[in-house]
Asker: 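Here it is: the structure, laid out below.
The figures that follow rest on heavy atoms only: side chains count, while hydrogens, waters and symmetry mates do not. This structure is a prediction, so every number in the text was calculated from the model and none was measured.
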Amino acid sequence: TDLDPLRDSNPSYSALWRLTLRWWLDPAAVGWIRNLLDAGGPKLSAGALARLLNFKANHRKVIITGDGQGSLRGSVMSANPHDASSAHSNVGLRFSGPALRPLLQSELAIARFSGWSGELPSLKPGAAISRDAAQTSRVAVVTEGAIRDRLVERLDACTASNRIDIAMFYLADRAVARSLIAAARRGAVVRLILDPNKDAFGFEKSGLPNRPVAAELLSASNGAIRIRWYRTHGEQFHSKIAAISGSGRLWLMLGSANFTRRNLGDYNLEANVIVDAAQDGELARDFHQWFETLWSNRAAEPIDYTVDFSVYADPSRSRYWLYRLMEGTGLSTF
């Protein structure tokens, strides 16, 4: 992917890079700097490191296949196809039908602005929503900023009759945080399973942004929002999924997007899928069983998947304002 056309999420640095470093440093030059993320990986050039600090990414995790007759099948996931990420916890949804058509067209658009000039056989026209044969569920694809729009819209409609369950690697977006607090104050049951942000490929992280955000959510909701931490052991709780239950339906969103400014603010390239399904259907049963297993540590063998909020609680105001500065300016990796 040619990342240069993407918006600058880290403008204070990217302005300098565009005006100066971009012209002086060749990212394709022979590397001589040790790879900090992979001790066995290739060495990096100064130009590659300078480009990296723009913090841009095609963050989508998508597979789309066709049968040659205009029908599509695909998967939208949180998982990176990366051996160093193989121990991470992830989620994904496999589905078929017309909901994949707009996603395929957006993937082709990315390919074209990255230099590809080919064409695929034309697809049969159809709606942008897939329905199952029994008409009990609907699937739609959302990308980039539309992910935040749809999520906040649903959260803002939640009342005491709804339950919100979220399992997330990074939670930092201000609009999402405000909507969660407001939903909890209206009586909705809100449960979050978050990564403690302590592990990253052999390095120890600082706990930002999840720990100060979690402290804010708990305090602002007067304890109504319940939070547990996934118990990582060097790997990451890399899932990105939100579910809202009520009135016999399950609204489920999952995919590549963390709930952060970079992921939801039209900076990264992101792809999520939304499912509206019957509460008594197979998908809903599978999700609830998975979430409850993690939340309550219910497993055939005694395993502590999650731990209490107090284990990684961080009420520090200085670290809270550091997170706000990093989230607001883009001077961060989340």
Asker: Given side chain to side chain contact (heavy atoms under 4.5 Å, CB included), test Phe95 with Val275 step by step and report yes or no.
Answerer: CA-CA 10 Å; Phe95 61 105; Val275 185; over 6 Å; no
Asker: What is the distance from atom CG of Asn162 to atom OG of Ser247, rounded to the nearest 0.5 Å?
Answerer: 6.5 Å
Asker: Per the side chain to side chain donor-acceptor pair (under 3.5 Å) rule, what does the pair list look like for residues 207-217, sequence neighbours excluded?
Answerer: Arg174-Glu216, Asn197-Asn210, Glu216-Tyr320
Asker: Does a side-chain N-to-carboxylate-O contact under 4.0 Å join Asp173 and Arg261?
Answerer: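 Salt bridge absent between Asp173 and Arg261.
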Asker: Quick one: pull up CZ in Phe169 and OG in Ser78 and give me the separation to the nearest 0.5 Å.
Answerer: 10.5 Å
Asker: Is the Tyr305 ring parallel, tilted or perpendicular to the Tyr230 ring (thresholds 30°, 60°)?
Answerer: tilted
Asker: Under a 4.5 Å cut-off applied to non-hydrogen side-chain atoms, are Leu93 and Val76 in contact?
Answerer: no
Asker: Looking only at heavy atoms, what is the nearest atom pair of Ala46 and Leu25, with distance?
Answerer: O-CD1, 4.1 Å
Asker: Would you please classify the geometry between the Trp295 ring and the Phe291 ring as parallel, tilted or perpendicular, with 30° and 60° separating the classes?
Answerer: parallel
Asker: Side chains of Gln279 and Leu250: closer than 4.5 Å at any heavy-atom pair?
Answerer: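 Gln279 vs Leu250: side chains touch.
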Asker: The criterion is side-chain hydrogen bond (donor to acceptor under 3.5 Å, both in side chains); which residues satisfy it with Gln236, sequence neighbours excluded?
Answerer: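 With sequence neighbours excluded, Gln236 shows a side-chain hydrogen bond (donor to acceptor under 3.5 Å, both in side chains) to His88, given in chain and number order.
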Asker: Within a 6.0 Å radius of atom CZ on Arg73, are there more than 12 heavy atoms belonging to other residues, nucleotides or ligands?
Answerer: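 Counting neighbours around CZ of Arg73, 12 or fewer heavy atoms of other residues, nucleotides or ligands fall under 6.0 Å, so no.
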Asker: Between Asn80 and Lys61, does the side chain to side chain donor-acceptor pair (under 3.5 Å) criterion hold? Intermediate values first, please.
Answerer: CA-CA 6 Å; Asn80 294 307; Lys61 299 94 167 58; 2.5 Å; yes
Asker: Considering only residues two or more places apart or on different chains, which pairs with a residue in residues 15-28 satisfy side chain to side chain donor-acceptor pair (under 3.5 Å)?
Answerer: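 Sorted result for residues 15-28: Asp8-Arg18.
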Asker: If I take atom CG from residue Asp195 and atom OG from residue Ser239, how far apart are they, to the nearest 0.5 angstrom?
Answerer: 9.5 Å
Asker: First locate atom OG1 of Thr1, then atom CH2 of Trp116, and finally report the distance between them rounded to the nearest 0.5 Å.
Answerer: 13.5 Å
Asker: Measure the acute angle between the ring planes of His238 and His59, then classify it against the limits of 30° and 60° as parallel, tilted or perpendicular.
Answerer: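 His238 vs His59 ring planes: perpendicular.
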Asker: A cation-pi test, strictly: NZ or CZ of Arg262 under 6.0 Å from the centre of the six-membered ring of Phe334 and no more than 45 degrees from its axis. Yes or no?
Answerer: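 Here Arg262 fails the 6.0 Å and 45° test against Phe334.
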Asker: Is the number of heavy atoms from other residues, nucleotides or ligands under 6.0 Å of Glu282 CD greater than 12?
Answerer: no
Asker: One pair to check against side chain to side chain contact (heavy atoms under 4.5 Å, CB included): Trp229 and Leu192. What are the steps and the verdict?
Answerer: CA-CA 8 Å; Trp229 304 102; Leu192 310 178; over 6 Å; no
Asker: Between the side chains of Asp156 and Arg154, is the shortest nitrogen-to-carboxylate-oxygen separation below 4.0 Å, so that they form an ion pair?
Answerer: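 Asp156 and Arg154: not salt-bridged.
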Asker: What distance separates Phe203 CZ from Lys198 NZ, expressed to the nearest 0.5 Å?
Answerer: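 Atom-to-atom, Phe203:CZ and Lys198:NZ are 15.0 Å apart.
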Asker: Indicate yes or no: does Asp308 engage Arg228 in a salt bridge with an N to O separation below 4.0 Å.
Answerer: yes
Asker: Could you pull out the closest heavy-atom pair between Ala184 and Ala224, with the gap in Å?
Answerer: CB-CB, 4.1 Å
Asker: Can a salt bridge be assigned to the pair Lys240 and Glu270 using a cut-off of 4.0 Å between side-chain N and carboxylate O?
Answerer: no
Asker: Judged by atom type as modelled, is there a donor-acceptor pair below 3.5 Å linking the side chain of Gln105 to the main-chain atoms of Leu103?
Answerer: no
Asker: Would Arg231 and Asp304 satisfy salt bridge (charged side-chain N to carboxylate O under 4.0 Å, His left out), going step by step from the backbone distance to the final call?
Answerer: CA-CA 7 Å; Arg231 188 168 174 259; Asp304 288 338; 5.1 Å; no
Asker: Would the distance check show the side chain of Asn297 and the main-chain N or O of Thr306 forming a donor-acceptor pair, the cut-off being under 3.5 Å?
Answerer: yes
